[in-house]
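Everything below concerns the one structure shown next.
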2 protein chains.
Amino acid sequence: MGLGERKLKILQAIIKDFILTAEPVGSRTLMKKYDLGISAATIRNEMSDLEEMGFLSQPHTSAGRIPSDKGYRLYVDSLMMMDRLAKNQQDAIQKSFLQSFGEIREIITATSKVLSHMTKLTSVVLSPQFEQSKLKSVQLVPIDEKSLLLIVVSESGIVRNAIVRNNEVFSKEHLELITKILNIKLKGLTIGKVNKDVIYDLKCDMKKYTSLVDLIIPVLLATLEDMISVEVYLDGLMNIFQLPEYHNIEKARDFLQMLNHKEHIMDLLLNSKDELDITIGTENRHEEMRNCSLVTATYKVNDVIVGKIGVIGPTRMNYDHIVSVVDYVTKNLTQLLNDE
Amino acid sequence: MGLGERKLKILQAIIKDFILTAEPVGSRTLMKKYDLGISAATIRNEMSDLEEMGFLSQPHTSAGRIPSDKGYRLYVDSLMMMDRLAKNQQDAIQKSFLQSFGEIREIITATSKVLSHMTKLTSVVLSPQFEQSKLKSVQLVPIDEKSLLLIVVSESGIVRNAIVRNNEVFSKEHLELITKILNIKLKGLTIGKVNKDVIYDLKCDMKKYTSLVDLIIPVLLATLEDMISVEVYLDGLMNIFQLPEYHNIEKARDFLQMLNHKEHIMDLLLNSKDELDITIGTENRHEEMRNCSLVTATYKVNDVIVGKIGVIGPTRMNYDHIVSVVDYVTKNLTQLLNDE
DNA sequence: GATTAGCACTCATCAAGAGAGAGTGCTAAC
DNA sequence: GTTAGCACTCTCTCTTGATGAGTGCTAATC
């Protein structure tokens, strides 16, 4: 059985109505609210067909129909119109980005905030993966006789530091020499590529200062580790309380508990490889996500450093709007990050 | 009417039972479960008195009694025994502190985690207030021709940095001079005391380099601002779902939404000035806290830098245990922070 | 042959009522 | 002063019946 024009129209109307009301949609409602030009009985027959084909389902015999994941999938792939955001919404998004100053943390936080605010759902943002970023400089700055500050700067502009403590007084000449060698060896190297071999190499070159180097290396490694670690930012968790699907305490609890596991979220987001990706209900790998959809997008800095942004909500989400928002936010974010 | 020994015993038993079961306690239950040596009828009379005095209340005529805030207050002030934590619990707390390495963020996070874990409630920790901390050094390190890193170190060991960008190339001599002046003027100064006067003074001393100074000063101020800003750490938010008082969705929502406002939490915590403070229900200034109690403690670093830790839960919380945990955690935290 | 009106049937939801259970307050006896 | 006994109160749960939304099927209509 094929999917005629009329069936598609009905499916679209059902999805539209269900997204709006969160109530199963009946044939009479459909006839009255949407100008389909056919009677309720005919709609019933078509709905019956659509259910048989798996695009709709029925909570119980005498209820209306609700879209299935397959139904949403069809809608998202073929029926959805990505609406251009209203001017005032575009402005709101741009404005929120203007307020966040240079620091990457600030930008990410602002992104997360605006996403959840514009969608009234929960937003998830992963900080950029700096693994592919190159090292620009490593510095050792004395802060008092027995401790010094290790500063690592990457080309992408991230800066990290850590304190190195010693029992003896650091010699200025040694420090300068070590700094020099560190820079020669590490400058231009991709952070993710600083591995055992590189460290071994470093140690060989600085055999004379083993005691000092042994102090610095672990701190350096920890700092590099910290630079490439991806952080998860959430916002709008409480928005779910506005949604009828989460008026049930168990549902709300499960949702919140799921988002409490950062690794879990990273797994979800990193799973989608497309520029803009929609995962609907059971399409998700995680059991806990079976009633949720996820709209994610990838943002880039200099084409190598990538991060993810996304919105999580019930499968009954306003895909048109959410996708538009995610898309527009991604564009703004990318622009902001590449301007610097 | 005075509070005889017997009345106190009954109150204590009621509180004990209610903390355990979350159900109003009746006279017969009390007689059967607790060895009071009197009949249910006598207990009823006593309970009636206790209610009249305001220590108990009754949800409805034919229900048992529950402790009022005043009842808990009496309990906490006079009846409570601070139980020494079991050895294994002490060990668990100590262990969790051992795992957190030097960084203050890590320590605070660990504190928050262990608090919520040991109490099965929500923990709140405020990072230390570094306002009273003194500046140790300010450094300007070039990271490339047109940008340099401003590093501020305090005596308490916190380090912050920020990037200063310029359109022109920085002159090495100027930088060294400026660094020198900055250090002379700022070293030893309490961070919170760096005000307009100090800045004005600085500017006067460096009139020759106005363009450079005008670049650096705002960054410096922002960095200092960042150093003294207090952060709020929460953990165990989801623990409330285990409590019967939050099986109601509105209650759970209100609780979570309340804790979503960081300023709100800071206000709550900073309100209590004692070493260890218990605020019960309506004793709290905030309407949203009327069903909650808050156990807070103050931790110190070098006697000047202070922070707060606390546990939030329903007024029906196990005060003995919570207080013991908060107390023990505070001791460990203080020790760890002062060792460094 | 597709469409539609009509109707019997199903199921969730809501309100009202009955019964059970827990607990109290009062009274009279100990 | 303490206790047993009893009537009374109130919540909670279960049942019942009514209501209403919606379906599926059948037969009539276009």
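Being a predicted model, the structure only gives us computed values, none of them experimental. Reminder, nothing fancy here: chain letters follow the sequence lines and each chain counts from 1.
Enclosure of atom CG in A:Asn88 by more than 12 non-hydrogen atoms of other residues, nucleotides or ligands within 6.0 angstrom is indicated.
Per the geometry, NE2 belonging to A:His60 stands 16 Å off P belonging to D:dG20, to the nearest Å. Separating the CD atom of B:Glu23 from the P atom of C:dG21 is a distance of 17 Å, rounded to the nearest angstrom. Distance, B:His247 NE2 to D:dC12 C1': 17 Å, rounded to whole Å. When the C1' atom of C:dT3 is taken as reference, atom CE of A:Met31 falls 13 Å away, rounded to whole Å.
By the 4.0 Å N-to-carboxylate-O rule, A:Glu46 lies close enough to A:Arg6 to be salt-bridged with it. Between B:Asp69 and B:Arg290, no side-chain nitrogen of the basic residue sits less than 4.0 Å from a carboxylate oxygen of the acidic one, so the salt-bridge criterion is not met. Under 4.0 Å is where a charged nitrogen must lie from a carboxylate oxygen, and between B:Lys273 and B:Asp277 no such pair does.
A cation-pi arrangement is found for B:Lys70 relative to B:Phe55, the charged atom lying closer than 6.0 Å to the ring centre and inside a 45° cone about the ring normal.
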Anything under 3.5 Å between a donor and an acceptor, one on a side chain of residues 18-30 of chain A, the other on a protein residue two or more places apart or in another chain? List them.
residue: A:Thr21; atom: OG1; partner: A:Asp17; partner atom: O; Å: 3.0
residue: A:Thr21; atom: OG1; partner: A:Glu23; partner atom: N; Å: 3.2
residue: A:Ser27; atom: OG; partner: A:Arg44; partner atom: NH1; Å: 3.1

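Between B:Arg6 and B:Pro59, the residue anchored closer to the 5' end of DNA chain D is B:Arg6, taking for each the nucleotide with the nearest heavy atom.
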Please encode protein proximity along nucleotides 22-30 of chain D as a string of B, S and -, counting only heavy-atom distances under 4.0 Å. SBB------
